[in-house]
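Each chain gets a letter, A, B and so on, in the order its sequence line appears, and its residues count up from 1. Note: hydrogens, waters and symmetry copies are ignored here, and every other heavy atom, side chains too, is used.
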Protein chains: 2
Amino acid sequence: MVRDKSLCGSLNDEELITLNRIGRPRRLDRGETLVWAGDEALHCANLLSGVLKLSASTADGREQIVGLLYPSDFVGRPFAEEAEHSVTALTEVELCVFPRKPFEAALENHVRMERLLLRRTLAALDEARARMLMLGRKSAEEKVASFLLDMAVHLGCGKAAETEASFDLPLTRSQIADVLGLTIETVSRQMTKLKRDGLIGLPSGRQVTIRNRRALRERAEAAA
Amino acid sequence: MVRDKSLCGSLNDEELITLNRIGRPRRLDRGETLVWAGDEALHCANLLSGVLKLSASTADGREQIVGLLYPSDFVGRPFAEEAEHSVTALTEVELCVFPRKPFEAALENHVRMERLLLRRTLAALDEARARMLMLGRKSAEEKVASFLLDMAVHLGCGKAAETEASFDLPLTRSQIADVLGLTIETVSRQMTKLKRDGLIGLPSGRQVTIRNRRALRERAEAAA
DNA sequence: CGGGCCATTGATGCAATTCAACAGCCGTGG
DNA sequence: CCACGGCTGTTGAATTGCATCAATGGCCCG
């Protein structure tokens, strides 16, 4: 099913053979990191299952998560010698890893792959920019509300328009804070506020139930 | 000189002919906007001279500038029916505009153009993510210092390592605030602080002199 | 049972926003 | 020519949203 949307998917047989020749499966445990920012960029990959975080940090250790990757997402940065961001598993993760150089060569030889990657990169750029609006201009409450709605969508509890939805957050409070540019405490406080107001339920640590999607969307304000 | 780095540049003659057939020159005055967020995405373009801002805003009107475009940068979003961001001229601007559909067709037929666009998009994504770190994790002073250093680079006063550099900001204080996720007043205060401390000079409204690049870099903290 | 994590909650502090006043600059039109 | 209003930028005072500091409880695992 991942194959349908992934870079490997929607390739023809010949292209698939090429990719398979250079790709190797790999598993990561929760917390393991595949790439460290600043290291030589040796690999690209396709995410098959699980969730990855893409993070950057300041010289003095402040961290910002600059992207979350879900199954079928592309991992890595072709054409760069050095990795700009760290890539770390938030859950157990399965990848299909390609050494970067051969992968780049494959891109050159298979126009459809390159085309596909271009479209994904353009989409990723749109998403990054939407996040810039959130980081720069939203309040803590708006950030947390948007985040929860986002998670619901990505974890598959998205579409069911106005029914309740429950899911398990793959992130700790601290990681959520790093996504939103806040602190642990503020995230926690905003979540209990949303709970007090009946918009969400927090049965246990990582579990979230969206009780009133419409109202939550209102608190997320801003442009979708 | 723009041709050297632009999408049109580094194309061969046959490709150039194709582009020229579909592209038309266009001029924008300071403040004119080429594309409105939410409108149908009709055009792509190459920026020949001047500076453009790319901006997003919340439902209630808060604005965030999500990117600045300089000569030779690519403008627009191929393969999207609707524009996600507004594109507005910060200075007088010259563009080479392509209707989106024909441009997409040209991409399909000219692999090297597509390849070039992919690399640029990947670079833009890196830059957007660097900005996310800034928006989420830097203090007002760090933001302003980084911004000024950035501007120096983009306006060509960049390289001259440790000499003084002067330039004219193409942005008003309010626009700088929209880049940094701050308010006008905070930007103004931080700039006069940097001036008081002797790191920069502010001869007149829009003019800036970088007096001590090294110290300014220290205040910008974080990762470059 | 004890020691890590993780999350929540309260008290306090501070950086940035908000509200407000004012000065310089410019073009317009009396 | 100068008076005027609009726009940009600076500065001050008050306010506040979020960070910081600190304490506590739950949970898992050794």
Please tabulate, for the side chains in residues 185-193 of chain A, all donor-acceptor contacts under 3.5 angstrom to protein atoms that are two or more places apart in sequence or on a different chain.
residue : atom : partner : partner atom : Å
A:T186  : OG1  : A:T183  : OG1          : 2.8
A:T192  : OG1  : A:R189  : O            : 3.1
A:K193  : NZ   : A:E141  : OE2          : 3.0

query: How close or far is atom P of D:dT10 from atom CG of B:L202, stated in whole angstroms?
result: 7 Å
- prompt: Looking at C:dA16, D:dC18, C:dT9, which one has an atom nearest to any side-chain atom of A:Q190?
  reply: D:dC18
task: Remember a base hit wins even if backbone is also touched, and classify B:T186 as base, sugar-phosphate or nothing at under 4.0 Å, heavy atoms.
output: base
query: Any donor-acceptor pair under 3.5 Å joining the side chain of A:E185 to the base of D:dC21?
result: yes
Residue-phosphate contact under 4.0 Å: A:T192 side-chain N/O, C:dT9 OP1/OP2: yes
query: To the side chain of A:R206, which of D:dC18, D:dT10, C:dA7 is closest?
result: C:dA7
message: So B:G181, base contact, sugar-phosphate only, or nothing? Heavy-atom distance under 4.0 Å.
response: sugar-phosphate
message: Can you tell me which residue among B:D29, B:V51, B:L28 is in a side-chain contact (heavy atoms from CB on, under 4.5 Å) with B:T91?
response: B:V51
message: Please determine whether a side-chain nitrogen of the Lys or Arg among A:R77 and A:E40 lies less than 4.0 Å from a carboxylate oxygen of the Asp or Glu.
response: no
- request: Record whether the side chain of B:R189 comes under 3.5 Å of the base of C:dT18 through a donor-acceptor pair of N or O atoms.
  value: yes
message: Exactly one of A:K138, A:R217, A:R219, A:E221 should register a side chain to side chain donor-acceptor pair (under 3.5 Å) with A:S146. Which one does?
response: A:K138
task: State whether A:F79 and B:R119 meet the cation-pi test: NZ (Lys) or CZ (Arg) under 6.0 Å from the six-membered ring centroid, and within 45° of the perpendicular axis.
output: yes
query: Given D:dT20, C:dT18, C:dT9, which nucleotide is nearest the side-chain atoms of B:T183?
result: C:dT18
message: For a quick check of understanding: with a heavy-atom distance under 4.0 Å over all strands, which category does B:L182 fall into, base, sugar-phosphate or nothing?
response: sugar-phosphate
- line: On DNA chain C, more 5' by nearest nucleotide between A:R30 and A:R196 is A:R30
Rounded (10°) bend between the five-pair end axes of the helix from C:dC1-D:dG30 to C:dC26-D:dG5: 30°
- request: Could you check A:E32, A:E92, A:E94 and say which one makes a side chain to side chain donor-acceptor pair (under 3.5 Å) with A:R27?
  value: A:E92
Tell me which donor-acceptor pairs under 3.5 Å the side chains of residues 166-178 of chain B have, and how far apart each pair is, sequence neighbours excluded?
residue : atom : partner : partner atom : Å
B:S166  : OG   : B:T209  : OG1          : 3.2
B:T172  : OG1  : B:S174  : N            : 3.3
B:T172  : OG1  : B:Q175  : N            : 3.1
B:R173  : NH2  : B:G205  : O            : 3.2
B:Q175  : OE1  : B:T172  : N            : 2.9
B:D178  : OD1  : A:R137  : NH2          : 2.8

